[in-house]
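This report refers to the structure that appears directly beneath it.
Note that the numbering runs from 1 along the sequence shown for the chain. The basis for the numbers below is simple: all heavy atoms, side chains too, and nothing from hydrogens, waters or symmetry mates.
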Amino acid sequence: MSDEIVVEEVSSVREQKEALKRREEAPAGATAGRDQPLYADRVKVYPRKVWGTFRRLKWAALGLLLAIYYLVPWIRWDRGPGAPDQAVLIDMPSRRAYFFFIEIWPQEVYYLTGLLILAAVGLFFVTSLAGRVWCGYACPQTVWTDLFMWVERLVEGDRNARMRLDRQPFSVGKLARKATKHGIWLLIAFVTGGAWIMYFKDAPTLVHELVTFRAAESVWLFIGLFTFTTYLLAGWAREQVCTYMCPWPRFQAAMFDEDTLIVTYQRWRGEPRGKLKKGENDDWSKRGDCIDCKACVAVCPTGIDIRDGQQLECINCALCIDACNDVMAKLGRPGELITYDTEANQIAQEQGNPRPRYKLIRIRTIFYALLFVGVATVMLGQLLFRNTLDINVLHDRNPLFVTLSNGDIRNGYTVKLLNKTREQRTFVLSFAGLPGATMDVLEHPADGDAVLLIAAPDSVATYDVQVRAPRSESVGESHPVTFTLTDPYKGETVTYKSVFRGPER
């Protein structure tokens, strides 16, 4: 062998499962008189450093996603005078959400629903094609855990060094390493929490307030909350979030079929496995390619053995492929003993048949694609053709109506006009549905059943409107009426259906 293959002592979830199984299968008398724990203790995972194609992809994804997260709040977007110039901002006090050229009002919360549906369907589609690539490369838990583990290796060393350090008794050196690691973790977590708040508050303003300690208590509270959760989940919980807290692993297998690309161990080629004895590296006719070095287990961030088949803990990060390929290269054996492949391909190769073509177009992928395109088309249509004005009418409740001295019936309404543009607009408000009725707005002259009203840029204008009708035209306790708001310059029109109240007939 050109290089020595190091077989490491592996502390893995697999070993924990085997210990629990042996305990369950032990004779009844063997455990008599002893309390059996309801839960098993966590077996700490010490992932080893690895380098290869998939590790480079993970570093690229980590760098890109972190850059997007931290830098997007600093992108500026000119929306005109009086408008925030942050490209992506959820402005809670003003009740607006800004995404570059798109401005979302509270009444348009259905766009958020549409985005969530698109995200879910997109995740289903990608999972049906390439398994849990979201979990392995793009999930925030994965990204920040990867970053925290990199810091851990940088401060405490690789896998074996970290295991030795944890077994060592307390010392000044150990305390210094642990304090340095946790200090860097807390710094990253704090920057993470601060960046999240920047999506809800102007970034330069927020940084200035934080530096000068003038930020509101709520800002410090939420930064502290996100700092704590990032530190806890990425630094301490790690794989337990994926295994126990996240619901996705429980049903992601429903998106798999025999043509889904997943990380898999080629059992037909690797078995029978066994330790490689000296001088046997040239004779592989009576054994499989797997030498049971457990390198694939040592690099796994969740501590599983991929050779046991698909497991709930596997996030398809494919680092085991890089580790195994490195071992195969040292042995002079073909790579990809652990590989990205489909179940159909594996069955064909095990039976000695030609590899079938990868089926990208399948019933489930067509369904997910059509559903995604359909939802995206509806949302795009709503966005392109949405009105830039809206109206909301609230009928006065106390009193419901007033009887005037001449017998006429008067109803009061609070009319809210929404101007969604960055310019002042003049609207025509009209009233219909009740013959002989007239409409009055305080300090705004009305022409019978119509009145001109002004709304400031990007605002809601509120007016008190009174509708008066002869008693002879009032047709009982409730009569349907319609308010119509029109922009005479742009030709946009919206309506609102309300009621006119009167005495019983």
Side-chain angles (χ1 to χ4, degrees), residues 77-112 114 200-202 379-398 410-434 437-469 480-501:
W77 191 270
D78 185 13
R79 297 185 178 90
D85 64 349
Q86 185 162 310
V88 179
L89 176 67
I90 301 176
D91 191 351
M92 300 298 287
S94 299
R95 295 176 178 84
R96 304 283 193 281
Y98 301 96
F99 300 93
F100 294 91
F101 62 92
I102 301 174
E103 180 179 348
I104 305 298
W105 284 58
Q107 295 83 354
E108 299 171 322
V109 69
Y110 52 82
Y111 284 113
L112 175 60
F200 297 84
K201 189 176 178 64
D202 183 68
M379 288 186 60
L380 182 61
Q382 287 284 341
L383 188 63
L384 293 176
F385 299 105
R386 66 175 178 171
N387 287 324
T388 58
L389 72 157
D390 202 354
I391 182 174
N392 188 30
V393 180
L394 300 176
H395 193 288
D396 290 350
R397 307 182 71 177
N398 188 21
R410 187 180 70 194
N411 280 204
Y413 302 86
T414 300
V415 178
K416 295 180 180 292
L417 312 180
L418 281 68
N419 177 15
K420 300 178 183 178
T421 66
R422 290 289 169 181
E423 58 186 16
Q424 180 175 291
R425 300 170 73 179
T426 300
F427 300 118
V428 176
L429 178 66
S430 58
F431 175 87
L434 194 60
T438 59
M439 180 172 57
D440 295 313
V441 182
L442 184 63
E443 297 182 355
H444 287 76
D447 182 13
D449 59 353
V451 63
L452 293 177
L453 300 177
I454 297 174
D458 193 45
S459 65
V460 179
T462 303
Y463 293 95
D464 291 324
V465 177
Q466 293 179 345
V467 176
R468 177 175 176 174
V481 294
T482 301
F483 288 88
T484 301
L485 185 67
T486 303
D487 184 341
Y489 301 101
K490 295 188 177 182
E492 292 185 62
T493 299
V494 292
T495 60
Y496 192 96
K497 296 186 181 298
S498 185
V499 294
F500 187 89
R501 304 273 185 188

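In this structure, CZ on Arg386 lies 5.0 Å from OH on Tyr111, to the nearest 0.5 angstrom. Once rounded to the nearest 0.5 Å, the distance linking CG of Leu453 with OG1 of Thr426 reads 9.0 Å. Here Asp85 contributes atom CG and Trp77 contributes atom CH2; the two are 12.0 Å apart, rounded to the nearest 0.5 Å. Rounding to the nearest 0.5 Å gives a distance of 7.0 Å between CG of Leu89 and CG of Asp202. The CG atom of Asp390 sits 6.5 Å away from the CD atom of Gln107 when rounded to the nearest 0.5 Å. Residue Asp487 holds its CG atom at 6.5 Å from CD of Glu492, rounded to the nearest 0.5 Å.
Without hydrogens or angle criteria, Arg79 side chain to Ala87 main chain gives a donor-acceptor distance under 3.5 Å. One N or O on the side chain of Ser459 and one on the backbone of Ala456 form a donor-acceptor pair closer than 3.5 Å. In this structure, the side chain of Asn419 engages the main chain of Thr421 through a donor-acceptor pair within 3.5 Å. Using a distance-only test at 3.5 Å, with no hydrogens or angles considered, no donor-acceptor pair links the side chain of Tyr496 to the main chain of Leu485. Distance alone, capped at 3.5 Å, places no donor-acceptor pair between the Arg501 side chain and the Asn411 backbone. At least one donor-acceptor pair under 3.5 Å links the side chain of Tyr463 to the backbone N or O of Ile454.
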Would Leu452 and Val428 satisfy side-chain contact (heavy atoms from CB on, under 4.5 Å), going step by step from the backbone distance to the final call? CA-CA 5 Å; Leu452 293 177; Val428 176; 3.4 Å; yes
Assess the residue pair Phe100 and Val88 against the criterion (side-chain contact (heavy atoms from CB on, under 4.5 Å)); give the C-alpha distance rounded to whole Å, side-chain angles, the decisive distance to 0.1 Å, and a yes or no. CA-CA 6 Å; Phe100 294 91; Val88 179; 3.7 Å; yes
Pair Leu389, Leu417 - check side-chain contact (heavy atoms from CB on, under 4.5 Å), show working. CA-CA 7 Å; Leu389 72 157; Leu417 312 180; over 6 Å; no
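Heavy atoms only, all atoms of each residue included: Val467 and Ala437 are closest at CG1-CB, 4.1 Å. Residues Leu429 and Met439 come closest through the heavy atom pair O-CE, 3.3 Å. The two residues Gln86 and Tyr98 come nearest to each other via the heavy atoms O-CB, 4.5 Å. Across Asp78 and Gly80, no two heavy atoms sit closer than the pair OD1-N, 3.0 Å.
Residues forming a salt bridge (charged side-chain N to carboxylate O under 4.0 Å, His left out) with Asp458 (at least two apart in sequence, or on another chain): Arg96, Arg422. Considering only residues two or more places apart in sequence or on other chains, Lys490 meets the salt bridge (charged side-chain N to carboxylate O under 4.0 Å, His left out) condition with Glu423. Among residues two or more places apart in sequence or in another chain, the ring-ring contact (aromatic ring centres under 6.0 Å, His included) test is passed with Phe99 by none.
Considering only heavy atoms from C-beta on, Thr414 comes within 4.5 Å of Asp464 through its side chain. When side chains are defined from C-beta on, Arg425 counts as touching Thr388, because their heavy atoms get closer than 4.5 Å.
Classified by interplanar angle (parallel below 30°, tilted 30° to 60°, perpendicular above 60°), the ring pair Tyr413/Phe431 is tilted.
In this structure, Glu108 pairs ionically with Lys420, as a charged nitrogen and a carboxylate oxygen lie closer than 4.0 Å.
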